[in-house]
Amino acid sequence: MEKVLELLLVEDDTAACKEIVDVIDKNPDTFKLIGITNNSLRAFQYVQENYPDAVILDLELHHGGGDGLEFLKKLQETKIPYTPFILVTTNNISTITHTAARELGADFIMTKNQENYSAESVLEFLKLTKSAILNRKASDKVSAY
C-alpha cells in the first residue's frame, strides 16, 4: 500500500477548514490529517512533534494567533530533521509578501481569490506533487544522519 501524505492544516477560517477536511475524508488512501490549528506557534509545535509531510498554511491568521510569515521564520531558524512541504494559501496578492514567504521557505503559493481556488484544488495540487514531497522527505532524513 502506498504511503499517505500526512498533512497539517493551519487555517483560522472554520468554513475553509471544514471544506479541506471534507476533501481529505473523501481521500483516505491519499491523505491523513494529523492536526488543525489557527495558531502559528501551535503549528510549529505540531511540526516539531509530528513531522508532517506537508503543511497547508494560511498566511493571515486573523482569528487565531500569529501569522504564516511568523511560522515560516521560526521554521527556518530552527534545526529540525525534516522541513515539510509548505503550501501557502492566502487572500494577499502582494508580490512583496509572496516573495517574503518564498524566501522564508514557502514551496508554493495559492491565492484564494484566483478563479479556480477551492479545497479540491489545494488537495489536488498536493496529490499531484505527493511523490516529489515524499521523495524529498526521504532524502532529507538520509542527509540528516
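Owing to the predicted nature of the structure, the values given are computational and were not obtained by experimental measurement.
- When the side chain to side chain contact (heavy atoms under 4.5 Å, CB included) test is applied to Thr37, the partners found at least two apart in sequence or on another chain are Val10, Asn39, Arg42, Ala43, Tyr46.
- Between Lys130 and Glu6 there is no salt bridge, since no side-chain N of the basic residue sits under 4.0 Å from a carboxylate O of the acidic one.
- Under the 4.5 Å side-chain heavy-atom criterion for Ile, Leu, Val, Met, Phe, Trp and Tyr, Ile56 and Ile36 are members of the same hydrophobic cluster.
- Nearest heavy-atom pair across Tyr82 and Tyr51 is O-CD2, 4.3 Å.
- In this structure, Arg102 does not pair ionically with Asp107, as no charged nitrogen and carboxylate oxygen lie closer than 4.0 Å.
- Here the shortest heavy-atom pairing between Leu59 and Leu69 reads CD2-N, 3.8 Å.
- The aromatic rings of Phe71 and Phe44 stand perpendicular to each other, their planes meeting at an angle above 60°, with 30° marking the opposite boundary.
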Show me the donor-acceptor pairs, under 3.5 Å and distance only, between side chains in residues 13-20 and residues at least two apart or in other chains.
from	atom 1	to	atom 2	distance (Å)
Asp13	OD1	Ala15	N	2.8
Asp13	OD1	Ala16	N	3.0
Lys18	NZ	Asp22	OD2	2.9

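- Salt bridge annotation for Lys32-Asp53: absent, with no cationic side-chain nitrogen under 4.0 angstrom from a carboxylate oxygen.
- For the side-chain hydrogen bond (donor to acceptor under 3.5 Å, both in side chains) with Glu60, the lone residue among Thr90, Thr97, Asn91 that qualifies is Thr90.
- Between Leu134 and Leu5, some side-chain heavy-atom pair lies under the 4.5 Å cut-off.
- The residues Lys74 and Glu70 are annotated as not salt-bridged, no charged nitrogen and carboxylate oxygen being separated by less than 4.0 angstrom.
- The two atoms that bring Phe31 and Leu7 nearest to each other are CD2-CD1, 3.6 Å, heavy atoms only.
- Closest heavy-atom contact between Pro52 and Pro84: O-CB, 3.2 Å.
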